[in-house]
Amino acid sequence: MSAVWHPFTQHGLGEPIPLVSHAEGAAIFTVDGRRIVDAISSWWVTTHGHRHPRIVAAMREQAERLDQIIFAGWTHEPAEELARGLRAIMPDALTRVFYSDSGSTAVEVALKMALGYWQARGEARHRILVLEHGYHGDTIGAMSVGQRGVFNRAYAPLLFDVATIPFPAGGREQATLDALARACADPHAAAFIVEPLVLGAGGMLMYPPAVLAAMRAICADAGLLFISDEVMTGWGRTGTLLAGEQAGIVPDILCLSKGLTGGAVPLAVTMASEAVWDAHFDADRARMFFHSSSYTANPLACAAAVANLAIWREEPVRERIATLAARQAVRVAALADHPRVTGVRTLGTIAALEIGGGGDGYLAALGPRLLAFFRERDLLLRPLGNTVYVMPPYCIGEDDLDRIYAAIFEACDAL
Ligand SMILES: *Cc1c(COP(=O)(O)O)cnc(C)c1O
């Protein structure tokens with residue numbers, strides 16, 4: 001009997017929990033000899049594939065030199081090199097790099113930076129604007145700016161109030177923009193946090209770049225800070241390095257994690273504009289940015305991220321993403337004709353659809369049956385309710401893609 005308490009797992013259902021021994025590329029291997037296709041990049045983190053040789057080598061070399069060092073008032077070469085690399089590849093206006101260790105923490109840091117910015121300017125702005133169906137992590141602050149529901153009902157009394165802007169569903173984009181403009185007029189409004197182009201945990205809900213650009217412009221006009229949570233969308237997921245690129249937007253604050261190390265080890269950054277930095281820059285210690293975690297900028301993690309940047313510079317990553325996107329588009333298009341399939345959509349390396357029509361949300365009865373169905377076929381797919389999505393590592397081969405889509409087709413018929 002294992003003592004391990006797993007995340008987002010109802011142990012009372014007695015579902016099998018496979019014991020994994022190793023992984024390679026787009027495949028995961030279990031101790032009992034099964035080869036599982038990782039169709040969701042180990043929960044959206046693995047970009048180039050498991051155990052990319054350059055990332056493994058970078059961590060190994062770093063481990064020989066420096067494992068961990070306090071980052072308040074100290075620094076090290078992997079952190080400096082990574083910050084230089086991020087400055088070179090990310091939008092110019094994001095001049096500052098703050099390290100942390102998960103997507104949730106990157107969001108907490110972004111929210112704290114936004115409030116610090118307004119406090120320094122002597123304005124009582126503390127209200128955060130959020131998008132309906134958003135997801136930004138599972139810590140209290142991150143849950144507060146995310147969709148309320150069964151995930152956080154028990155904690156609702158602790159979550160702070162936000163202003164929720166309706167999701168820009170097809171045909172209702174103007175209502176979203178109008179609601180945002182109204183919310184921006186609130187004298188307490190501080191910042192708007194969004195997942196650009198695709199709301200991941202909310203059900204792979206997609207909206208067009210023009211809406212993102214319009215939302216960014218409304219915030220700029222109102223002088224509000226715009227926080228782009230690219231924890232999932234960053235590092236090529238949507239076809240471009242950042243999803244924001246497709247809308248030509250640059251946020252005031254950018255959250256990155258998941259693919260930052262290629263998905264090998266935990267690391268996050270919150271990048272900020274010079275204005276946000278300036279608000280905290282002072283000779284007065286009371287105005288410094290009060291945030292840290294013990295493992296801030298862990299050297300092994302930074303070395304992995306430096307290797308990820310080198311892969312982006314020196315390997316044909318964009319071509320791999322384009323190839324994967326094209327291969328997925330063909331396969332989902334074939335599924336679109338199935339009478340039980342609705343809502344087929346793709347964006348870059350992400351493909352999503354609903355089986356059996358509209359949903360009871362995350363706890364839809366079909367979800368666990370789909371999960372088991374795919375597990376029995378040696379596929380790591382983890383539907384969100386009756387929303388099935390595929391988000392593989394960029395190195396996945398055609399045979400593995402065929403297996404994934406054949407199983408989805410089969411599931412449509414069988415369940
Ligand atoms: C996964 C995710 C997070 C949280 O990241 P963790 O590393 O799991 O804490 C935040 N925002 C978005 C958009 C995510 O997809």
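Atoms within each ligand, like the ligands themselves, are counted from 1 in listed order. Just the heavy atoms: all of them, side chains too, but no hydrogens, waters or symmetry mates, feed the values below.
Remark: ligand 1 atoms within the under-4.0 Å shell around heavy atoms of Asp229 are 10 (C), 11 (N), 12 (C), 13 (C). Close approach of ligand 1 to Met232 is summarised as follows: ligand atoms under 4.0 Å from at least one heavy atom of the residue are 15 (O). For ligand 1, the atoms closer than 4.0 angstrom to any heavy atom of Trp44 are 15 (O). Applying the 4.0 Å criterion to heavy atoms of Ser104 picks out, from ligand 1, the atoms 4 (C), 5 (O), 6 (P), 9 (O). Atoms of ligand 1 lying under 4.0 Å from at least one heavy atom of Ser102, given by number and element, are 7 (O), 9 (O).
A donor-acceptor pair under 3.5 Å is formed between the side chain of Tyr394 and the backbone N or O of Arg237.
Within a 6.0 Å sphere centred on CD of Gln119, other residues, nucleotides and ligands contribute 12 heavy atoms or fewer. Residue-environment remark: CZ (Arg34) exceeds the threshold of 12 foreign heavy atoms within 6.0 Å.
Below 30°, between 30° and 60°, or above 60°: for Phe151 and Phe8 the angle between ring planes is between 30° and 60°, a tilted geometry. Aromatic ring pairs are classed by plane angle as parallel below 30°, tilted from 30° to 60° and perpendicular above 60°; the pair His52 and His48 is perpendicular. Ring geometry for His280 against Phe289 counts as perpendicular: the plane angle is over 60°, on a 0 to 90° scale with 30° as the lower cut.
Under the 4.0 angstrom criterion, atom 15 (O) of ligand 1 counts as having a protein heavy-atom contact.
Considering both main-chain and side-chain atoms, Glu195 never comes within under 3.5 Å of ligand 1 through any nitrogen or oxygen pair.
Among protein heavy atoms, atom 2 (C) of ligand 1 sits closest to Lys258 NZ, 2.6 Å.
Nearest-heavy-atom check against atom 5 (O) of ligand 1 across Pro196, Gly103, Ser257 picks out Gly103. Among Leu267, Leu256, Val231, the residue whose heavy atom sits closest to atom 3 (C) of ligand 1 is Val231.
Residue contacts with ligand 1 leave out Trp43, since none of its heavy atoms falls under 4.0 Å from the ligand.
Arg377 forms a cation-pi arrangement with Phe373, by the criterion of a distance under 6.0 Å to the ring centre and an angle within 45° of the ring axis.
Scanning both residues, Leu401 and Pro392, for their nearest heavy atoms gives CD2-CG, 4.2 Å.
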